[in-house]
Asks: 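Encoded as structure tokens, here's the structure I'll be asking about.
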Amino acid sequence: MSQREGSLEDPQTDSSISFLPHLEAKIRQTHNLARLLTKYAEQLLEEYVQQQGDPFGLPGFSPPQLPPLGGLSGPAPSHAGLPVSERLRLDAAALSALPALLDAVRRRQAELNPRAPRLLRSLEDAARQARALSVAVETVLAALGAAARGPGPEPAATSAALSTANSAAGVFSAKVLGLHVCGLYGEWVSRTEGDLGQLVPGGVA
Amino acid sequence: MGVYSWWRQPSLMVDNKRPRMAPNLPQLLSALTLLHLTVQVNSLKRGALQDLKCTTSNIQEWECTWTTPQGVSRGTVKEVCIKDRPQPCQKLETTKFKIKALLPGDHEVTIHYQNGFQSKFTLNEKDVSLIPDTPEILALSPDFRTSMLLLKWSDKGSAFPYPSNATWEIKVLRSRSMETVKLVSFNTVLSGKDTVHHWNWTSELPLECAPHSVGIRWRIDNHHFSGYKEWSNWSPLKNVSRPRGSEPEVFPQDIVVLAGSNITFCCLSRTKVLSGQIGNTLRPLIPLDGEDVVIHVLNIPFSEDSGSNVVFTTHYDVYGAVIFAGYPPDIPRKLNCETRDLKEIRCSWNPGRPTRLVGPRNTEYTLFESISGKSLVFKRFETLPNESYWLAFQMLPDQEIYNFTLTSRNRLGQAASALLINVTERVAPHVPVSLKVKDNSSTVVTLSWHLPGNFAKITLLCQVRIYKANSEEEVRNTTIKGVEDSVYFVNVDKLTPYTTYAFHVRCSTEPFWKWSKWSNEKQHLTTEAIPSKGPNIWREWSSNGKKLYIYWKPLSINEANGEILSYKISCSSNEETQSLSEIPVSQHKAEIQLDKSDYVISVVAKNSAGSSPPSKIASMEIPNDNITVEQVVGMGKKIFLTWHHDPNMTCDYVIKWCNSSQPEPCLMDWIKVPSNSTETAIESDQFQPGVRYNFYLYGCTNQGYQLLRSVTGYIEELAPLVAPNFTVEDTSADSILVKWDDIPVEKLQGFLKGYLLYFHKGDRDTPKSRGFESGHSDIKLKNITDTSQRTLRIADLTEQTSYHLVMQAYTNGGLSPERSMIVVTKENSVGLIIAILIPVAVAVIVGVVTSILCYRKREWIKETFYPDIPNPENCKALQFQKSVCEGSSALKTLEMNPCTPNNVEVLESRSMVPKIEDTEIISPIAERPGEIPEADPENHVVVSYCPPVIEEEIAKPAADEAGGASQVVYLDVQSMYQPQAKPEEEQDSDPVVVAGYKPQMHLPINPAAEDTAAEDEADKTAGYRPQANVNTWHLVSPDSPRSTDSNSEIVSFGSPCSINSRQFLIPPKDEDSPKSNGGGWSFTNFFQNKPND
């Protein structure tokens, strides 16, 4: 057990450590899920900007900057320097916050683009998949003996972000918010894939 | 002031009592100056005092002020008096007083001062100015969504006599520079009470983009008031502004505009805005206050579902807004309200032109029923093209009339459609369900179905669609009194037993509006009934007459009325009735052992419901001896038979047929025709082209059937399958006897029409038909149309000749294959004999005649051809001079005696020695070849002599020399006549070229030259050459009796002085020689010696 934790804390120092078969399978399964969701997130972002009209889909368009949504921002540059367990905790926390934001975006898009069922379905799927990935990462963390729940977004901040996404805010702001949410979703599933990849035997550090 | 002083001065001059008034007015506009100047001038004319000024704000009360005269202080005013008033004087302490409005006309006003000074004025309503009080804005409300300002104020109309007209003027100022962007005036009518007025204005610039201020003023026009009407003061400005945030903002946000309109967007920013764009289109920036900018979007197109994005870019970030451009809703089209069950009314419509607005901006429809006051709302986010919308309105008890108004509404406008209906006339029932069928009998069923709906007061009109296999569908109408949510029953009769039907039901109401949809299909098989008739039967006797075969046809479905289980046959005579065992349904033939007595055969078909009526037929047939077999050919695929009506035939007619090649009893099929018919067309799938069928027409009487006609025929004739088999029975020198056999009927495939026989010389095949058709003369054709004929003699043939015979049979269907044969005629022996005997006989006769003639004319012949030959010894010409001849051994010619010349006739000269050898008479000199070896290298016989005169002739030209080397050839008698055939040619010919005899006198002097010339001449010369030319003849025989007559060879034929030298010189037998080519038979040929012959 201590051996596993040691590898978890610093897997790069001893990459020859082997997990139990079921844990290894779980990590590999979760990693595959993250990798699959990374592709889905790219497709979602592409579909999203396509439905928002110009200039969202135009090359060179930089969306407006937004403050952290409900305390949730993209992975920090220092993220890579953290221990794997900490990174996974952050991944799980971010992924657990994303479904609510994705749902809010979907509801707003249902008003704006009621005739874009694929986008709406993709947003719905993304929320469900983010939740599933979050649970899967937490399961891996639990299996590794690490604390499953890390510091997540503040509930109040999350609700504020949701209100922004709701119809009270301007449509343009809602579009921008949705763009950020989709971007965050992509960043976090990609980051999760990378972090899990370090746990997969033979994976890239 | 100067101006005031200027226009005040004239009034003082007119009325000295008027105190001088100090100018206290501000600067006046030049226009007002002119106006006042005009008024003053008029006042002066009326004698009014101008320094008393009265105004009114409500017409009813005037307020007047004046200027105290010089030297009079303002506090010394005592009273003011106005004439014609109940209380004419009023105490005053100031220079201002208020009075109620005076009546029209001049009124004298006197102001008394305490010091006793008085000032008098003339006051008239026309001099009073009506200046309303400054209006007050009750509210100024901005609608930022629509960029609209809503102004609200009160006219305070209760203070004015009514009716009065009020003219309002409103100004809108924008931005910090207070630029007037709108100035508008409009009129209202004061109604005697305070009225709140509204005015709205939509700014092209969003209200958020800049502060806006609104002011208002007015003036009143009352036709009872004759004074001046002047504008009130402007009301205090009301401002509309929005607090600015710290972040840049873009306006308007999320607005909905009409597609094609012009929109202005602003960006309120404290930093510099770099660009502004809508979608991907950049627009020029127009500065506003500070760093604020606007862009104009002209003729905006309709937006995507998520709207059009307007984005401004600063150095730090991008800011944006979304605009939705679309259309107001179209008038709802095809609004239709109807009910299915009289419980709810379903109203449907078509939205018409798409608004291009979705989601919360989509069109909202409100269905309002004005009689009940109830309404329904329909709205949803997405809009599908060509979709029909509907709303269900719950019916109200006891209400039949409904007045619907459907209003479509979105942020850009609204439209409505209305419909008034009597709902009982707009019933389109539901689909009948639970359709069931129940048997009543084999021909009657009862249908039941459920129809949901409250039709208690309605009469239903329903249709039952009946479909039967292989039959057209039938629709029957029925009227049913409606009930509420009930099951309905209908009897359907006139059905066919044991038949599968498919039933459908649909309903409508009366009065008719719409049919419901057809219900689901319900199939039902009706019950069985007894067969409606007996089977169609026939009978045939066996060939030996001991068995009777009974045939019957299965009943049709309509006749069977069920499933036939078996057949029952009975046989009855006068004595008894015999029932046979039941025959299974699969069998349609029975065999009965009967004698030739009269029996009646009866057949019945049985099903589960019972037996059919019996079908009966008599066993015996009524004889008919007057029957002939006729022929018939079908048309199309039918055989048409006609017959004369026979009143004796009381039952029906039966036509049976069979294949003629089948043995008896032959029966393929039969049909029955009603007794009143005289014709029928027989058609059967069994009929095949080229097969012969026999048809028998029977008539039915009470005693039985009688054969009326027998017909054999084809449905279609074909060409015979095989060629006729023919042989040659006899052959002679000029004829051939041909015999052929019949073609079997089954191979004929049609009625035989005849045979064709072609024949021609030769043993090779010839395209007969082609030769026949093209009229080849060498092909002869015999067409035998008598089909009973079996032989044919072909005459007029050539003996011992090969003939090619070809024979074909033919029907109307065409020609059979051909069969051919080669026959050689025999030799004719009599003719041969005759052909031999006749020439022999002719030859004998000719020979006899010739012999007789020769015998009779032997003397003449002798004289002519064989005269007496003189003795050469008596001729001096044969006495050779030795002196002359001895000098030359080469010259071995006769020494001619000049005085007694011998005449030598040379008929032809040839160089062919063998020819010469063939001669019968040979020159004596030629018999000594050794004596002339040099001159005769080819063993030619040369007779030469050297008379003295010859030396003179040596100097003759080469023409004569050419013949110097020629040999003398003696020809036969025949050759002697050849020159006579073409005497002229001989004469005209070149002596050198002409072949023939050369005079012996022309001897070659130079042998070498002679050889060369002889070789040349050998090719050119041949035949006879005269021994001398004509002149020579004259010279040597001047005394010749014929020499003077002619120089021809005829003339020279026969020497007049010497005949002992005459010889027959046998010409060479050379076919190439022109002289030897006789060219036909001549008399002289008889005397020609031809050993080869």
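This is a predicted model, so every value here is computed, not measured. Protein chains get the first letters and strands the later ones, always in sequence-line order, with residue 1 at the start of each.
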Asks: Which heavy-atom pair separates Val358(B) from Leu112(A) by the least distance, and what is that distance?
Replies: CG2-O, 4.1 Å
Asks: Quick check on Val318(B) against chain A: is it the side chain, the backbone, both or neither that has a heavy atom closer than 4.5 Å?
Replies: both
Asks: For residues 39-64 of chain A, which residue pairs qualify under ring pair (Phe, Tyr, Trp, His ring centres under 6.0 Å), counting only residues two or more places apart or in two chains?
Replies: Phe56(A)-Phe61(A), Phe56(A)-Phe172(A)
Asks: To the nearest 0.5 Å, how far apart are CG in Asp305(B) and CD in Glu111(A)?
Replies: 13.0 Å
Asks: Using a cut-off of 6.0 Å, state whether more than 12 heavy atoms not belonging to Leu376(B) lie near its atom CG.
Replies: yes
Asks: Examine distances only and state if a side-chain atom of Asn280(B) and a backbone atom of Pro55(A) form a donor-acceptor pair shorter than 3.5 Å.
Replies: no
Asks: Which answer fits Asp317(B), side chain, backbone, both or neither, if we ask what part of it has an atom under 4.5 Å from a heavy atom of chain A?
Replies: side chain
Asks: To the nearest 0.5 Å, tell me how far Asp54(A) CG sits from Glu304(B) CD.
Replies: 6.5 Å
Asks: So with a 6.0 Å cut-off around NZ of Lys379(B), is the heavy-atom count from everything else above 12?
Replies: yes
Asks: Does any backbone or side-chain atom of Tyr319(B) lie under 4.5 Å from a heavy atom of chain A? Answer side chain, backbone, both or neither.
Replies: backbone
Asks: Nearest 0.5 Å please: distance from the OG atom of Ser306(B) over to the CD atom of Gln50(A).
Replies: 11.0 Å
Asks: Measure distances from Ala110(A) to the heavy atoms of chain B and classify the residue's part below 4.5 Å as side chain, backbone, both or neither.
Replies: backbone
Asks: Name the member of Gln52(A), Gln51(A), Lys175(A) that forms the most heavy-atom pairs with chain B at distances under 4.5 Å.
Replies: Lys175(A)
Asks: Could you check which of Gly320(B), Ser303(B), Ser308(B) has the highest count of heavy-atom pairs closer than 4.5 Å to chain A?
Replies: Gly320(B)
Asks: Just wondering, are more than 12 heavy atoms of other shown residues or ligands nearer than 6.0 Å to CD in Glu46(A)?
Replies: no
Asks: Which residue out of Gly53(A), Gly57(A), Ser62(A) racks up the most heavy-atom pairs below 4.5 Å with chain B?
Replies: Gly53(A)
Asks: Count the heavy atoms belonging to other residues, nucleotides or ligands that lie under 6.0 Å from CZ of Arg118(A), then report whether that count exceeds 12.
Replies: no
Asks: Heavy-atom pairs under 4.5 Å with chain B: which of Asn113(A), Leu58(A), Val176(A) has the most?
Replies: Asn113(A)
